[in-house]
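Reading through the structure tokens given below for one structure.
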Amino acid sequence: MLRRLSRRFYARPAEVVARALLGKLLVHRGRTGRIVETEAYLGPHDLAAHSARGLTPRTKPMFGPPGHAYVYLIYGMHWCMNVVTEPDGKAAAVLLRALEPVENLEGRTQGPALLCKAMGITGVLTGHDLLSRDLHIVAPRLEPPIRIVKRPRIGVDYAAHWARRLLRFYIKDNVFVSKK
DNA sequence: TGCACGATGAAC
DNA sequence: TTCATCGTGCAC
């Protein structure tokens, strides 16, 4: 069996983790998808991050230790999944934006909400440990070399200059990237 | 207790 | 470009 990513993997800066997650495999309930697109949210100082409004019941996992899931409901109907990064209390995270289907995935996976729908990920998993048996991320046996594209994050135009930062990352030429 | 709005996706 | 749909955060 493939080895789960370690706590130390997640404890690094969100930008580093966001890039490092590209090509890794998200596993849940027998379903597997290759991560091909991510976005980094740097912490409370990043006005596009949910943690910018402080510690709340919803964002609590973001303020917790690295290597845990932060799952939230958007527009009253879509779930989105983040991976918490950096040491406990830094409130940084990486949004998973798109997957390439690998095993037991049905439907589209190009977009943060579609990804969760296909993987069967909902709010019950928020705060869940990613070193657990039922929800985790592993490195594939063979990681082919990739080119990484950097772009501004999607849907954060309200965040002043933070909206312009190149904190969205995806695998160049991958068909399963969500937009453009 | 009320209300404006969103790290989206689909339809028009 | 419009809309579905409702939890969250903050004002009152």
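Residue numbering restarts at 1 for every chain, and letters A, B, ... go by the order of the sequence lines. Please read these numbers as outputs of a predicted model, since none were measured by experiment.
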Cation-pi check, A/Arg153 onto A/Tyr41 ring (under 6.0 Å, within 45° of axis): yes
Sole candidate of A/His128, A/Arg29, A/His28 that passes side-chain hydrogen bond (donor to acceptor under 3.5 Å, both in side chains) when paired with A/Asp134: A/His128
Strand-adjacent residues in residues 11-24 of chain A, judged by heavy atoms under 4.0 Å from DNA chain B: none
Any pair counted as ring-ring contact (aromatic ring centres under 6.0 Å, His included), so long as it reaches residues 131-166 of chain A, sequence neighbours left out: A/His45-A/Trp162
DNA chain B-proximal residues of residues 62-72 of chain A, any heavy atom under 4.0 Å: A/Met62, A/Tyr72
Pairing annotation in dot-bracket form, given for DNA chain B with Watson-Crick or G-U pairs under 3.5 Å and | for cross-strand partners: ||||||.||||.
DNA chain B-proximal residues of residues 37-45 of chain A, any heavy atom under 4.0 Å: A/Tyr41
Positions of residues 79-107 of chain A (non-hydrogen atom under 4.0 Å from DNA chain C), listed by number: none
ring-ring contact (aromatic ring centres under 6.0 Å, His included) against A/Phe169, all qualifying residues, sequence neighbours excluded: none
Within 45° cone and under 6.0 Å: A/Arg168 NZ/CZ vs A/Tyr170 ring: no
ILVMFWY clustering at 4.5 Å (side-chain atoms), partners of A/Val16: none
Cluster companions of A/Leu25 among Ile, Leu, Val, Met, Phe, Trp, Tyr (side-chain spacing under 4.5 Å): A/Leu2, A/Val27, A/Val102, A/Val138
DNA chain C contacts among residues 157-167 of chain A, heavy-atom distance under 4.0 Å: none
Short side-chain N/O contact to B/dA10 OP1/OP2 from A/Arg108, under 4.0 Å: yes
Main-chain N/O of A/Val84 paired with A/His68 side-chain donor or acceptor, under 3.5 Å: no
Contact list for DNA chain C against residues 110-122 of chain A - heavy-atom distance below 4.0 Å: none
Contact letters for nucleotides 4-12 of chain C, in which S counts primed atoms plus P, OP1 and OP2 and B counts the base, heavy atoms under 4.0 Å: BBBSSSS--
